[in-house]
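To keep things clear, I will list the structure first and then write my remarks on it.
Any value given below was found using the heavy atoms of this structure, including those in side chains, with hydrogens, waters and symmetry copies removed.
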Amino acid sequence: MDDQHHDTPETGITPGGTTGAFRDVLSKDHARRGKPPLHFTDMTGEERIAKAAELGLPKFRVKQLANHYYGHFDVNAAEFTDFPAAKRDEAAAAFFPELIHEVTRQVADEGTTIKTLWRLFDGSHIESVLMRYPTRTTLCISSQVGCGMGCPFCATGKLGLTRNMSAGEILEQVRVAARMMRDGEVAGGPGRLSNIVFMGMGEPMGNYRSVISAVRQISAMPPEGFGISARNITVSTVGVVPGIKKLTAEGLPVRLAVSLHAPSDELRDELVPMNKRFNTTEVLDAAHDYFLASKRRVSIEYALMRGINDQAEHARLLAKRLNHYGDNWAHVNPIPLNPIEGSRWTASKPEDEARFLDILHAAGITATLRDTRGQDIDGACGQLAAKTREAFERRS
């Protein structure tokens, strides 16, 4: 594994990640088939103009393509009536190669939760989950194929890291979901995609460049982006401190979510291997700095596991660690663990969940028990790429 990692340093999660205490857990298919096709969303403005010129198209045609993509969620150039008929197919091939192909779509929660399994250009698979609520619609997207973090209670972590995704592959999940909402394909009729969470497969900070490019295009107004407010975008991390610091310097008003899962280093070393590289103090310091810079409360994600991290002493220590900073800077999301098949990790008892929340509230910590949407289709937190992917591979 070490030799393979040294051969592909660009996949390292952190600078020095090949020599420090933590190493990525790599899948057997790691970085096996090269890069995805270059998409419109992967190009700079100059590159788009240059590509158009190669096709004999003037500069203004690039803006037309951007309007179709970001404004109308459309890549079917054959129907671009404002575009020269003789150039439509050529433009589609050059700017909009198919990056993600729907394999299966599963529906739960009376049609308001849809999990989609996507096949990528190299045969890899990822998943995204679209969730409609009364006042918002949230899309949970993937940023890597698999995940190299190796958290033992997470189905995605068991896959290992295959490769990073391109900005285009990330954004295509958003475009399709936005179109589904517009066209009324989700229970409740036509609507608008309003929120994006980078909480699907992968560690977003491990694919920082593509993730930030995607965030900028999601939040820019058409024809530069999809026009979803940056304040409605959440970027999660298990605690990759250099990534948190980079995000702080970006000045983007996105919400940061930190998957903490334990209040002490001793326990977190077991639950989140990255803690051996960046401990709880380093992670919380970086997260608090993000709050100071962005003025946006940080979400602390905490998967409750029966008898492991859900007892009163854990809640009290978590409150103490967060209150150490002296301001109302964090919002804790205790998450009922979504068990994965064959795992010794299981969900907390309801009375332990309630007590955990009560202790946090009594300490002045804002905390809300996370909704477990899509659990029956393995679409909830920590379940992505479990049974659906295996079932598909058995059929194929």
Next on the checklist: Is it true that, when you exclude E102 itself, more than 12 heavy atoms of the residues, nucleotides or ligands shown sit nearer than 6.0 Å to its CD?
Outcome noted: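 Check passes, neighbour count above 12.
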
Taking only distance into account, with no hydrogens and no angle test, what donor-acceptor pairs under 3.5 Å do side-chain atoms of residues 58-65 form with protein atoms, sequence neighbours excluded?
residue: R61; atom: NH1; partner: Q64; partner atom: OE1; Å: 2.7
residue: R61; atom: NH1; partner: D82; partner atom: O; Å: 2.9
residue: Q64; atom: NE2; partner: D82; partner atom: O; Å: 3.2

To the nearest 0.5 Å, tell me how far [X] [atom1] sits from [Y] [atom2].
{"X": "I126", "Y": "L159", "atom1": "CD1", "atom2": "CG", "result": "12.5 Å"}
{"X": "R136", "Y": "L193", "atom1": "CZ", "atom2": "CG", "result": "12.0 Å"}
{"X": "I308", "Y": "W345", "atom1": "CD1", "atom2": "CH2", "result": "5.0 Å"}

[X] to [Y] - nearest heavy-atom pair and separation:
{"X": "V283", "Y": "F278", "result": "CG2-O, 3.6 Å"}
{"X": "R132", "Y": "G189", "result": "NH1-O, 2.5 Å"}
{"X": "M131", "Y": "C140", "result": "CE-CB, 4.0 Å"}

Next on the checklist: Whether the side chain of S124 engages the backbone of L120 through a donor-acceptor N/O pair (distance < 3.5 Å, no angle test) should be reported.
Outcome noted: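 The answer is no, because no donor-acceptor pair under 3.5 Å joins these two groups.
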
Next on the checklist: Check R105 with E185, please: is the shortest side-chain N to carboxylate O separation under 4.0 Å?
Outcome noted: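 Result for this pair is yes, salt bridge flagged.
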
Checklist entry - Salt bridge check: are R163 and D122 linked by an N-O gap of less than 4.0 Å? => result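 D122 and R163: salt-bridged.
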
Next on the checklist: Does any part of the side chain of Y302, heavy atoms only, come nearer than 4.5 Å to the side chain of I335, both counted from C-beta?
Outcome noted: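 When only atoms from C-beta onward are counted, Y302 and I335 do not touch, as no gap falls below 4.5 Å.
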
Checklist entry - Any side-chain heavy atom of D327 sitting closer than 4.5 Å to one from H288? => result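 With C-beta onward as the side chain, the pair touches.
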
Checklist entry - By side-chain contact (heavy atoms from CB on, under 4.5 Å), which residues pair with Q311, not counting sequence neighbours? => result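 Checked Q311 against side-chain contact (heavy atoms from CB on, under 4.5 Å); matches are E313, H314, D352, R355.
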
Next on the checklist: Please enumerate all residues that pass side-chain contact (heavy atoms from CB on, under 4.5 Å) together with T234, with sequence neighbours excluded.
Outcome noted: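 Partners of T234 by the side-chain contact (heavy atoms from CB on, under 4.5 Å) criterion, ordered by chain and then number, come out as V197, M199, R255, A257.
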
Item to check | With sequence neighbours excluded, residues passing salt bridge (charged side-chain N to carboxylate O under 4.0 Å, His left out) with E270 | outcome: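 E270: salt bridge (charged side-chain N to carboxylate O under 4.0 Å, His left out) contacts with R344.
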
Using residues 244-252 as the side-chain source, report each donor-acceptor pair under 3.5 Å to any protein atom, sequence neighbours left out, with the distance given to one decimal.
residue: T248; atom: OG1; partner: I244; partner atom: O; Å: 2.8
residue: E250; atom: OE1; partner: R216; partner atom: NH2; Å: 2.6
residue: E250; atom: OE2; partner: Y208; partner atom: OH; Å: 2.8

Checklist entry - Can E203 and T237 be said to form a side chain to side chain donor-acceptor pair (under 3.5 Å), step by step? => result CA-CA 6 Å; E203 162 57 55; T237 179; 2.9 Å; yes

Checklist entry - For R321 and T281, does a side-chain donor sit closer than 3.5 Å to a side-chain acceptor? => result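 Short answer, yes.
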
Checklist entry - Considering residues at least two apart in sequence or located in another chain, which fulfil the ring pair (Phe, Tyr, Trp, His ring centres under 6.0 Å) criterion with W118? => result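 Per chain and number, W118 pairs via ring pair (Phe, Tyr, Trp, His ring centres under 6.0 Å) with no residue.
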
